[in-house]
Amino acid sequence: MNTIDQYAVFGSPINHSKSPRIHRLFAEQSHQNLDYVAQEVTAENFVTAVTEFFAQGGKGLNCTVPLKELAYRFATQKTERAKAAKAVNTLALRPDGSILGDNTDGIGLVNDLTVNHGIVLKDKRVLILGAGGATRGILALLLEQKPDCLIVANRTAEKALQLAIEFNHSFDGCGFDDLHDQPFDLILNATSASLSNELPPLPENLLAKNGVCYDLAYGNTPTAFVRWGKLQNASKSLDGLGMLVEQAAEAFALWRSVRPDTKAVIDLLNTER
Ligand code: ATR
């Protein structure tokens with residue numbers, strides 16, 4: 001049995017994950033004695049790997065693509081925000097041996113937008129591009145911010161419409177072709193297009209004056225969507241590095257009952273790009 005508390009991130013592919021670096025920085029900063037590693041785990045071997053991890057004394061896990069729905073099913077208890085997302089990015093061993101599933105993606109995004117970047121969402125017009133797992137993870141927390149309107153637009157319009165039904169029409173779903181309404185104050189890219197350096201097909205004049213663009217994906221060079229935002233004269237065109245650090249901080253706080261200083265870590269990672 002290890003004497004140092006063990007944590008890990010599971011996913012596939014996982015070799016470029018920044019999570020071990022982020023959690024080790026948090027641990028160093030808050031004097032927590034723990035180790036955190038990245039482990040390549042596919043959907044096929046998820047249950048075996050996670051069972052083994054906790055059987056060997058592991059304390060907590062992050063789960064990323066393509067494992068978040070499987071982690072949701074594995075958790076024996078779930079937070080409300082995990083239930084809303086039907087996806088889990090954080091598993092925590094509880095003192096009674098049960099496994100709590102949480103989803104810290106939405107709070108990570110909202111904290112990055114509102115705290116780190118001073119962006120107010122209340123009464124604003126917000127557009128989310130994409131209707132997949134990434135969107136699911138952020139919807140509930142964005143709605144809590146009481147935007148004036150929230151629209152989810154997807155390449156496959158039907159998927160966005162279905163998502164709106166699932167969330168009791170608390171937002172509208174549509175296809176990209178239907179986006180000829182008033183411009184938006186905040187456009188979030190939650191498609192996986194950035195991963196292949198592609199851009200969803202977007203109409204002109206979609207972004208309001210002084211509007212903000214935010215890509216949930218991140219990279220060492222600006223993503224296609226971040227570049228698009230700059231071309232649209234966005235007041236800020238941001239990628240998801242801040243969200244990554246903030247969601248990690250929420251997981252760390254759940255595991256260790258200590259809230260790390262995210263700003264120091266974001267600043268450091270930005271210098272390493
Ligand atoms: P994730 O967990 O990253 O959200 P996902 O659940 O597979 O992954 O969802 C991917 C999302 O990105 C979907 O909304 C997908 O649109 P479709 O539902 O029409 O497939 C969207 N997407 C992926 N590549 C895209 C592209 N090149 N242009 C526009 N949307 C894209």
Side-chain angles (χ1 to χ4, degrees), residues 9-14 16-19 41-44 46 62-74 81-91 101-110 112 126-142 150-167 171-180 184 187-204 206-207 213-219 222-229 231-232 239-241 243-244 247-248:
V9 58
F10 284 3
S12 183
I14 204 67
H16 293 301
S17 173
K18 290 189 191 293
S19 292
V41 174
T42 60
E44 289 68 37
F46 175 71
N62 285 131
C63 296
T64 184
V65 177
L67 307 174
K68 291 182 187 182
E69 283 85 16
L70 292 172
Y72 178 77
R73 279 185 249 153
F74 186 86
R81 58 197 187 191
K83 285 183 198 163
K86 290 202 182 120
V88 150
N89 72 339
T90 305
L91 292 170
D102 194 7
N103 190 316
T104 65
D105 288 331
I107 188 70
L109 171 67
V110 168
D112 192 40
V126 177
L127 171 65
I128 304 178
L129 306 171
T135 297
R136 245 171 216 293
I138 60 172
L139 274 171
L141 273 288
L142 284 173
L150 179 64
I151 303 225
V152 171
N154 197 42
R155 180 172 62 183
T156 316
E158 182 56 28
K159 231 166 111 181
L161 295 168
Q162 280 302 323
L163 199 60
I165 293 169
E166 194 186 311
F167 277 75
F171 60 85
D172 287 325
C174 66
F176 293 135
D177 290 346
D178 307 313
L179 291 172
H180 38 61
F184 293 90
I187 305 179
L188 296 156
N189 180 28
T191 70
S192 49
S194 291
L195 304 178
S196 43
N197 215 15
E198 288 169 32
L199 192 65
L202 300 172
E204 289 299 309
L206 195 59
L207 188 69
C213 288
Y214 192 107
D215 198 339
L216 271 62
Y218 61 87
T223 65
F225 181 73
V226 167
R227 294 198 304 272
W228 178 84
L231 287 175
Q232 305 301 307
D239 77 6
L241 184 72
M243 174 182 171
L244 179 78
Q247 64 76 30

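Excluded from the calculations below are hydrogen atoms, water molecules and symmetry mates; all remaining heavy atoms, backbone and side chain alike, are included. We count ligands from 1, going down the list as the structure has it; atoms in each ligand are counted the same way.
- For atom 9 (O) of ligand 1, a protein heavy-atom neighbour is present inside the 4.0 Å cut-off.
- Here's the thing with Val65: none of its N/O atoms is less than 3.5 angstrom from an N/O atom of ligand 1.
- The side-chain contact (heavy atoms from CB on, under 4.5 Å) test with Leu216 is passed by exactly one of Ile138, Asp105, Asn189: Ile138.
- Counting atoms of ligand 1 from 1 in the listed order, those under 4.0 Å from a heavy atom of Glu198 are 27 (N).
- The side-chain contact (heavy atoms from CB on, under 4.5 Å) test with Phe184 is passed by exactly one of Val126, Ile151, Leu207: Ile151.
- In terms of polar-atom proximity, defined here as any N/O pair under 3.5 Å, Gly133 does make such a contact with ligand 1.
- From the protein, the heavy atom lying nearest to atom 17 (P) of ligand 1 is Thr156 OG1, 3.4 Å.
- Residue Gly130 has at least one heavy-atom neighbour below 4.0 Å for each of these atoms of ligand 1: 14 (O).
- Ranking the protein heavy atoms by distance from atom 21 (C) of ligand 1 puts Thr191 CB, 3.7 Å first.
- Between the side chains of Ser19 and Asn62, no donor N or O sits under 3.5 Å from an acceptor N or O.
- Side-chain atoms of Asp178 come within 3.5 Å of backbone N or O of Gly175 as a donor-acceptor pair.
- Between the side chain of Asn154 and the main chain of Lys159, no donor-acceptor pair closer than 3.5 Å is present.
- Here the protein heavy atom with the shortest distance to atom 7 (O) of ligand 1 is Ser192 OG, 4.9 Å.
- Sparse packing is recorded around CG of Asp177, with 12 or fewer heavy atoms of other residues, nucleotides or ligands lying under 6.0 Å away.
- When only modelled atom types and interatomic distance are considered, Gln162 and Glu158 share a side-chain donor-acceptor pair under 3.5 Å.
- The distance from ligand 1 to the heavy atoms of Ala134 drops below 4.0 Å at these ligand atoms: 1 (P), 2 (O), 4 (O).
- Relative to atom 22 (N) of ligand 1, the option among Lys159, Glu69, Glu158, Arg155 with the closest non-hydrogen atom is Arg155.
- None of Val152, Leu179, Leu188 except one satisfies the side-chain contact (heavy atoms from CB on, under 4.5 Å) rule with Leu127; the exception is Leu179.
- Among Leu216, Asn154, Ile128, Thr64, the residue whose heavy atom lies nearest to atom 13 (C) of ligand 1 is Asn154.
- Considering backbone and side-chain N/O of Thr135, none are found under 3.5 Å from N/O of ligand 1.
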